[in-house]
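Data first, discussion second: the structure below is written as structure tokens.
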There are 2 protein chains.
Amino acid sequence: MGINERKTREKQALRDRILEAARRIVIREGFAALSMRKIADAIEYSPATLYLYFASRDEIARALCAQGYAQLLAGFEPLAQIADPAERLKALARAYVAFGVAHPQTYRLIFMEDPTYLGAALGGASEAEKASAGAANERANKPAGDPAAPQAAPQADAQLINPAASDDSSDAAMRLMVGALDELKAAGRLPASANGAVWAEALWATMHGIVALNLTCPVFPTSPLDTVIDAALDAWFGVREQPAAAPPAAARSTRARRPAAKPKAVDA
Amino acid sequence: MGINERKTREKQALRDRILEAARRIVIREGFAALSMRKIADAIEYSPATLYLYFASRDEIARALCAQGYAQLLAGFEPLAQIADPAERLKALARAYVAFGVAHPQTYRLIFMEDPTYLGAALGGASEAEKASAGAANERANKPAGDPAAPQAAPQADAQLINPAASDDSSDAAMRLMVGALDELKAAGRLPASANGAVWAEALWATMHGIVALNLTCPVFPTSPLDTVIDAALDAWFGVREQPAAAPPAAARSTRARRPAAKPKAVDA
DNA sequence: GTCTATACCTCGATAGAC
DNA sequence: GTCTATCGAGGTATAGAC
């Protein structure tokens, strides 16, 4: 079977070249500028050839999305070692924002374009129902043409598209947050009424909001980005002391005001 | 001059019809599906006619953006009357999220598409520099074709495009938030180190994150949206008591758990 | 002066020759 | 497997009829 294996390898190699070229285009010009013709030009093949490796431009987008998402999650793993739950959460939050700032176009593709892209990178089974179960006439980001768009058949080789990032890692990241929040609550540093899962989603939304506004809103932020991040983290965990004693608010402003080292977009 | 005035009125009327048709398309099918041909079909004119009233599709987008933004800001004004600063901030935050949920496509257009759209609705003068001053190769949402796209000449009748929403109201909304945060700080309900302007941006980011994830991320939220909003607001202001006395955390979970009345998307 | 009709471009996707 | 040729839909811009 050595011949078949070689052919499989070669097919995979061209597939990777396609994705690589697509990623470079997205990084340089944004996802909206990604076209099959540009990819074909970059790898010196005809546009039609791409359709032997990917069913559509959307499938390429889903693959890029899954890769980027895996990269984001991979950055979280070492942070699980941090002992103090509040510091662990802050490190996670800062890593999240840093990723968004460093890879703006990739972040956009993952979290700010078509919901089905990330949906495919996650469960795979659940995105279809979720996408159609929402509001009746809404959430449709680019239905454009016909109502029954080519939505099927991207499931065959999901494991191939999606090397390491599937639901498991995603859940792991969520568990990391929920666990830290529960530790904080157990230590009395969060209100007893707090629900870890809900607070985790709210904290995620906060960090997403900082990244997304930074990418899209021309007047955000007025203050340095790190200052805004620190303010949000202070609002969440910064100023609460051990359960009893200690002044209820005020004081404890001795935060390590990091020297505003603009990470600058690098992407890739 | 009555003849000229009539002509001006008629021109304005068709202009409004164009915008109205465009808004309906955006609401129903999303901004990505908005095309000059569709608008022309809807108002029963030829596509070329549109270019006599708007220089480009982008200019129509900017006008829609400005209208939607004005509507969002208008919803804030009555909330300025709320006496308690924390309740005022919570009401503002809930109104903000409610707008995003009720008008998802409009919200997308304002805050999640091209930064220059909102930029034009705000200062007008500042968006060009800001858009190009960012990262070198980034932030470009849809440069697509040629490098020197038609970016000029949308300034002539900005006041006509932008009936009520310009920088003034926008600043007013920001001042509303900053003022409330400063009141809270003065009352000792915020850390003394907190900066009102910075915290306002961070709080804005939090609400934007809730709306944006809700619109784009297939797995958000797991819990009901109102629960997530309440969690975020509790994290920010909910659990802090009057400066002294009272248990530092815990207790005070008697929030008016609103009955999860899904506002459902209506847009327009 | 206004608008219609049309030329010319790019795009995604496919059929069929090789 | 790969490419050429092509379809249909989208966009901008303009020549020229009314």
Side-chain angles (χ1 to χ4, degrees), chain A residues 3-4 6-18 21-22 25-26 29-64 113-114 116-117 141-154, chain B residues 3-15 17-18 21-22 25-26 29-61 114 141-154:
Chain A
I3 292 174
N4 281 342
R6 173 181 57 81
K7 290 196 174 181
T8 302
R9 268 201 317 276
E10 285 173 359
K11 195 164 172 103
Q12 180 65 40
L14 186 47
R15 206 189 144 91
D16 288 345
R17 283 188 61 199
I18 293 171
I25 293 170
V26 167
E29 311 177 47
F31 174 66
L34 179 69
S35 79
M36 299 301 263
R37 283 174 164 85
K38 269 187 197 165
I39 301 173
D41 271 1
I43 63 171
E44 298 179 300
Y45 275 78
S46 93
T49 301
L50 302 186
Y51 291 92
L52 297 172
Y53 295 84
F54 293 92
S56 67
R57 174 177 178 270
D58 275 358
E59 194 179 308
I60 295 179
R62 282 191 289 267
L64 289 178
E113 300 282 347
D114 194 312
T116 64
Y117 295 160
N141 196 16
K142 40 181 67 178
D146 38 23
Q151 183 77 10
Chain B
I3 292 175
N4 282 341
E5 287 170 357
R6 172 182 57 82
K7 289 197 175 180
T8 302
R9 268 202 315 276
E10 286 172 358
K11 196 166 172 101
Q12 179 67 38
L14 185 48
R15 204 189 145 91
R17 282 187 61 198
I18 293 171
I25 293 170
V26 167
E29 312 176 45
F31 174 65
L34 180 69
S35 78
M36 301 301 263
R37 283 175 162 85
K38 268 188 198 165
I39 300 173
D41 272 0
I43 63 171
E44 298 179 301
Y45 276 78
S46 94
T49 301
L50 303 186
Y51 290 94
L52 297 171
Y53 295 84
F54 293 92
S56 65
R57 174 176 177 270
D58 274 358
E59 193 178 310
I60 295 180
D114 194 311
N141 197 16
K142 41 180 68 178
D146 38 24
Q151 183 77 9

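We use all heavy atoms of the structure for the numbers below, so side chains are in, but hydrogens, waters and symmetry mates are not. Remember, predicted model here, so these are calculated numbers, not experimental data. Per chain, numbering begins at 1; letters A, B, ... match sequence-line order.
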Q | Any residue meeting side-chain hydrogen bond (donor to acceptor under 3.5 Å, both in side chains) with E44(A), in chain and number order, not counting sequence neighbours | A | none

Q.
Is a donor from one side chain sitting under 3.5 angstrom from an acceptor on the other, for S56(B) and D58(B)?
A. no

**Q.** Interatomic distance, L14(B) CG vs dC3(C) P [rounded to whole Å]
**A.** 7 Å

Q | Whole-Å gap separating C1' (dA13(D)) and CG (L52(B)) | A | 12 Å

Q: Measure the CD1-CZ distance between I43(A) and R17(A) for me, rounded to the nearest 0.5 Å.
A: 5.5 Å

Q. Residues two or more places apart in sequence or in another chain: which of them pass side-chain contact (heavy atoms from CB on, under 4.5 Å) with T8(A)?
A. none

Q | Gap between atoms CD1 and P, on I39(A) and dA13(C) respectively (whole Å) | A | 11 Å

**Q.** With L52(B) via side-chain contact (heavy atoms from CB on, under 4.5 Å) - residues at least two apart
**A.** none

Q. Within this structure, what is the OH-to-C1' distance between Y53(A) and dA13(C), rounded to whole angstrom?
A. 18 Å

Q.
So, OP1 or OP2 of dA5(C): does either fall under 4.0 Å of a side-chain N or O from Y45(B)?
A. no

Q) Using the C1' atoms of five pairs at each end, what's the angle between the two axes of the helix from dG1(C)-dC18(D) to dC18(C)-dG1(D), to 10 degrees? A) 20°

Q.
I need the I60(B) CD1 to I18(B) CD1 distance, nearest 0.5 Å.
A. 6.0 Å

Q) Rounded to the Å, how far apart are E59(B) CD and dG11(D) P? A) 16 Å

**Q.** Length of the CG-C1' vector between D41(A) and dC3(D), whole Å
**A.** 14 Å

Nucleotide N/O of nucleotides 8-12 of chain C paired with protein N/O under 3.5 Å:
residue: dG12(C); atom: OP1; partner: L34(A); partner atom: O; Å: 3.4
residue: dG12(C); atom: OP1; partner: M36(A); partner atom: N; Å: 3.3
residue: dG12(C); atom: OP1; partner: R57(A); partner atom: NE; Å: 3.4
residue: dG12(C); atom: OP2; partner: M36(A); partner atom: N; Å: 2.7
residue: dG12(C); atom: N7; partner: R37(A); partner atom: NH1; Å: 2.6
residue: dG12(C); atom: O6; partner: R37(A); partner atom: NH2; Å: 3.1

(Q) If the threshold is 4.0 Å, N to carboxylate O, is there a salt bridge linking R9(B) and E5(B)? (A) no

Q) Who passes side-chain hydrogen bond (donor to acceptor under 3.5 Å, both in side chains) against D41(A), sequence neighbours left out? A) none

Q: Check whether any side-chain nitrogen or oxygen of T49(B) sits under 4.0 Å from OP1 or OP2 of dC3(C), and answer yes or no.
A: no

**Q.** is_close_aromatic(Y53(A), Y45(A)), centroid dist under 6.0 Å
**A.** no

